[in-house]
Amino acid sequence: MGIALREAKKAADRGEVPIGAVLVRDDALLGRGFNFREARHDPTAHAEIVAIRTAARKEASWRLTDATLYVTLEPCLMCMGAMLLARIDRVVFGCHDPKGGAAGSLYDLSDDSRLNHRLVVTSGVREAECSAILSDFFAGLRMQKKKVKGLANAG
């Protein structure tokens, strides 16, 4: 999770929502990623998708069995879907996403018997750190908006 947090910091440094992800198998790093939605103008450029795509290219296979994805925020529907399609065995995340989480908060795709794959979910790993980086980022955005609004009202 430490590497995922460093990836999240990279996103924050670029003005992206600070979410980071890494995909690991047998202690080998297969892929890493951070949110790139703003820079790439791509709604699918979530940290998990970037990490999965990197790993699939590296492995020359879309099947990423026996792998664990570590991510700082609970995955959304799209990212959980991608993990299931890639046959990832486990996802470990930091903090829950009550507005968009699909690993237990709003939905739980991890153990849906209607799907042809299941994955193990571990939540709350370094939760305080994962939550803090997001809270700090959004607090900074709110502060910037206040400054801009204050300048507009002053002029």
How about [X] and [Y]: do any of their side-chain heavy atoms sit closer than 4.5 Å?
X: Arg14; Y: Phe34; answer: yes
X: Ser110; Y: Met83; answer: no
X: Met1; Y: Val92; answer: yes
X: His96; Y: Ser123; answer: yes
X: Val121; Y: Phe93; answer: yes
X: Leu64; Y: Arg87; answer: no
X: Thr44; Y: Met78; answer: yes
X: Asp89; Y: Leu119; answer: no

Using 0.5 Å steps for rounding, measure from the SG atom of Cys95 to the CG atom of Leu73.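 Rounded to the nearest 0.5 Å, the SG-CG separation comes out at 5.0 Å.
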
To the nearest 0.5 Å, tell me how far Cys79 SG sits from Leu84 CG.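 Answer rounded to 0.5 Å: 11.5 Å.
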
Under the salt bridge (Lys or Arg N to Asp or Glu O under 4.0 Å) test, which residues partner Asp26, sequence neighbours left out? none

With sequence neighbours left out, the residues meeting salt bridge (Lys or Arg N to Asp or Glu O under 4.0 Å) with Arg32 are Glu7

Running the 4.5 Å side-chain criterion over Ile, Leu, Val, Met, Phe, Trp and Tyr, what cluster does Met143 land in, apart from itself? none

Are [X] and [Y] linked, directly or through other ILVMFWY residues, by side chains that come within less than 4.5 angstrom of each other?
X: Phe36; Y: Leu5; result: no
X: Val91; Y: Leu115; result: yes
X: Leu69; Y: Tyr107; result: yes
X: Ile19; Y: Leu77; result: yes

Looking only at non-hydrogen atoms, find the nearest pair between [X] and [Y] and report the distance.
X: Ser105; Y: Pro98; value: CB-CA, 4.1 Å
X: Cys130; Y: Gly94; value: SG-CA, 3.7 Å
X: Ala21; Y: Ala51; value: O-CB, 4.1 Å
X: Met80; Y: Pro75; value: CG-CB, 3.8 Å
X: Gly81; Y: Leu109; value: N-CD1, 4.4 Å
X: Ala11; Y: Val17; value: CB-O, 3.6 Å

Using the rule side-chain contact (heavy atoms from CB on, under 4.5 Å), only one of Asp13, Leu134, Asp136, Asn35 pairs with Pro18; which is it? Leu134

Say whether, by atom type as modelled, one donor and one acceptor occur between the side chain of [X] and the main chain of [Y] under 3.5 angstrom.
X: Asp42; Y: Arg37; result: no
X: His117; Y: Ile88; result: yes
X: Glu38; Y: Glu16; result: no

For Ala82, what residues pass the side chain to side chain contact (heavy atoms under 4.5 Å, CB included) criterion, not counting sequence neighbours?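 For Ala82, the residues satisfying side chain to side chain contact (heavy atoms under 4.5 Å, CB included) (neighbours in sequence not counted) are Ile49, Ile52.
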
Partners of Leu106 by side chain to side chain contact (heavy atoms under 4.5 Å, CB included), sequence neighbours excluded?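 Here no residue qualifies.
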
So for atom NZ, which belongs to Lys9, do other residues, nucleotides or ligands contribute more than 12 heavy atoms lying within a distance under 6.0 Å?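 12 or below, so no.
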
Name all pairs fulfilling the side-chain hydrogen bond (donor to acceptor under 3.5 Å, both in side chains) condition that reach into residues 47-72, sequence neighbours left out, sorted by first residue then second. Arg25-Glu59

